[in-house]
Amino acid sequence: MSEQKNSTAISNKAATSLQNDLLLRAAKGEQVERPPVWVMRQAGRILPQYRAVRERLSGFIELVTTPELAAEVTLQPVDILGVDAAIIFSDILVVPEAMGLPYEMIEKRGPYFPNTIQTVEDLDKLPTQIDVADRLSYVFEAIALTKKALAGRVPLIGFAGAPFTIFAYMVEGKGSKTFDKAKKMLYTQPDLAHALLEKITQTTITYLRLQVEAGADLLQVFDSWAGLLSLEQYRIFSLPYLQKICQAIPQVPKTIFAKGAVAARQDIAHLDCQVVGLDWTMPIAESRALAGEKTLQGNLDPCALYASFAEVEKMTRQMLIEFGRQKHIANLGHGVYPDTEWEKVKCFIDTVKGF
Ligand code: CP3
């Protein structure tokens, strides 16, 4: 009896302990043999195996909402590219969907929301109580399935959009170069903007906590449209909500990736996060000085992967040297573009692994 108990305890431990924990050690600022590497949008159209799964389906949303398939494509880059982390296959837009604003993903054009938030009445129409565990159960199931299939090979990253970026979609209703409808609300109805941001923040906190419970080892928050705000506005409409999220989930390391937030790097480094994501416009040495003791993630230009293999290798090495060996998680400065040759992505990854 006691022997049996013992072996159960060991197998449980084996299932939860990681064979490759470079990502988590680097995130916490611990010593690593080499920087860990993964790629934003690593699961996606760059991989023929992803396109094969996608072709059999009615669309992107079917893939996101079918846990077995989401888990399958999450694992593809681990198997094919050899990355040091998996990121759960989903989308930041599942949060507005759970809040009562469904989205469509229009082929080659991107997301579209038939209903948007323009007035207090629109906000009041959203359900007050959101059962996140139920509405987003497909994500938590996908995480649990992925963790099981990974069997500790690499950590699993969970994620959500930053409240400001989700707000931008819920007001604008679609992608935009300027997000002027969303920004207009900041100037004309700031109280409504804050009420919506608060609602998004609370939903996101519940969502991320449940991702951790399901098995996510690290969380990344994507503030993809941070670059649209002045520093002053970023301090009012984004940073306080990011801080609430960071403080609400102390259990795992957190990465804040605010694309285009060149002026806000120091403020972001002061949040209760462990990792600051950089895009390719953010100079490495300068960012290091601004970020203090925090680990940095990034930041090769995704377009650099259109260059020759020799050039990719050279640019990747140069980036690694500039970051130094410690407190760095190698990545691109934004998601990989779908027409990138996957072999070039592999070249980027292999160069980091050989560093
Ligand atoms: O591998 C990974 O990084 C995990 C998967 C992931 C997706 N979206 C899958 C996806 C992640 C982390 C996201 C986050 C996301 N989604 C962001 C933040 C990151 C960023 O890029 O700034 C944003 C802004 C979105 C919203 C979104 N989803 C847009 C604008 C689009 C259309 C653009 C496009 O590439 O077509 C999507 C669709 C989407 N999300 C795809 C994938 C793989 C492509 C859809 C397809 O396969 O047909």
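Ligands are counted one by one from 1 in listed order, and the atoms in each one are counted from 1 as well.
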Q: Go through ligand 1 atom by atom and flag the ones less than 4.0 Å from a non-hydrogen atom of F89.
A: 9 (C), 43 (C)
(Q) Need the ligand 1 atom indices (1-based, order shown) with element for anything under 4.0 Å from a heavy-atom of Y169. (A) 24 (C), 30 (C)
Q) Counting both backbone and side chain atoms, is some N or O of D91 under 3.5 Å from an N or O of ligand 1? A) yes
Q. Where on K259 is there a heavy atom closer than 4.0 Å to ligand 1, on the side chain, on the backbone, on both, or on neither?
A. neither
Q. Among G110, A86, G335, whose heavy atom sits nearest atom 32 (C) of ligand 1?
A. G110
**Q.** Nearest neighbour in protein (non-hydrogen) for atom 3 (O) of ligand 1
**A.** R41 N, 2.7 Å
Q. Can we say K125 and D122 salt-bridge, meaning some charged N sits less than 4.0 Å from an Asp/Glu carboxylate O?
A. yes
Q | A43 N/O to ligand 1 N/O under 3.5 Å | A | yes
**Q.** Top protein contact for atom 18 (C) of ligand 1, by heavy-atom distance
**A.** S224 OG, 3.1 Å
Q) Backbone or side chain, does any N or O of R54 fall under 3.5 Å from an N or O of ligand 1? A) yes
Report, one line per pair, each donor and acceptor closer than 3.5 Å where one atom sits in a side chain of residues 88-105; sequence neighbours left out.
| from | atom 1 | to | atom 2 | distance (Å) |
| --- | --- | --- | --- | --- |
| D91 | OD1 | L93 | N | 3.1 |

Q | Short N-O contact, R209 and E213, less than 4.0 angstrom | A | no
Q. What is the closest protein heavy atom to atom 12 (C) of ligand 1, and at what distance does it sit?
A. F159 CZ, 3.4 Å
Q.
Any carboxylate oxygen within less than 4.0 angstrom of a Lys/Arg side-chain nitrogen, looking at K344 and E313?
A. no
Q | Test item, H334 contacting ligand 1 (heavy atom, 4.0 angstrom) | A | yes
Q: Would you mind running through ligand 1 and noting each atom that sits below 4.0 Å from a heavy atom of S90?
A: 5 (C), 6 (C), 7 (C), 8 (N), 9 (C)
Q. Where does K108 meet ligand 1, judged by heavy-atom distances below 4.0 Å: at the side chain, the backbone, both, or neither?
A. neither
(Q) I'd like to know if D79 pairs up with R153 as an ion pair, taking the criterion as any Lys NZ or Arg NE/NH1/NH2 lying under 4.0 Å from an Asp or Glu carboxylate oxygen. (A) yes
Q: Report yes or no: do I157 and L219 belong to one cluster of Ile/Leu/Val/Met/Phe/Trp/Tyr joined by side chain heavy-atom distances under 4.5 Å?
A: yes
(Q) For F164 and Y241: C-alpha separation, side-chain torsions, deciding distance, then whether ring-ring contact (aromatic ring centres under 6.0 Å, His included) applies. (A) CA-CA 8 Å; F164 172 69; Y241 299 101; 10.0 Å; no
(Q) One thing to verify: whether E172 and K183 come together as a salt bridge, which I'm taking to mean a side-chain N less than 4.0 angstrom from a carboxylate O. (A) no
Q | Minimum heavy-atom distance between A26 and I329, given as atom pair plus value | A | CB-CG1, 4.1 Å
Q: Before signing off on this row, confirm whether W225 and ligand 1 have an N or O atom pair separated by under 3.5 Å.
A: no
(Q) When you measure from the centre of the six-membered ring of F355, is the NZ or CZ of R317 closer than 6.0 Å and no more than 45° off the axis? (A) no
Q | Nearest-option assignment for atom 25 (C) of ligand 1, heavy atoms, candidates L47, L63, I92, L57 | A | I92
Q: For ligand 1, find out whether one of its N or O atoms is nearer than 3.5 Å to an N or O atom of E107.
A: no
Q: Among all protein heavy atoms, pick out the one at the shortest distance from atom 45 (C) of ligand 1; state its residue, atom name and that distance to 0.1 Å.
A: F60 CD1, 3.5 Å
Q) Taking NZ, NE, NH1 and NH2 as the nitrogens, is one of them in E343 or K346 under 4.0 Å from a carboxylate oxygen of the other? A) no
Q | Aromatic plane relationship, Y169 with F179 - under 30° parallel, 30 to 60° tilted, over 60° perpendicular | A | perpendicular
Q) Which heavy atom of the protein is the closest neighbour of atom 38 (C) of ligand 1, given with residue, atom name and distance? A) M105 CE, 3.4 Å
Q. Are R288 and E322 close enough for a salt bridge, meaning some N to O gap below 4.0 Å?
A. no
Q. Looking at atom 34 (C) of ligand 1, what's its closest protein heavy atom, distance included?
A. R45 NH2, 3.0 Å
Q: Enumerate the atoms of ligand 1 whose separation from the nearest heavy atom of Y50 is less than 4.0 angstrom.
A: 43 (C), 46 (C), 47 (O)
Q.
With the threshold set at under 4.0 angstrom, would you say P111 reaches ligand 1 through any of its heavy atoms?
A. yes
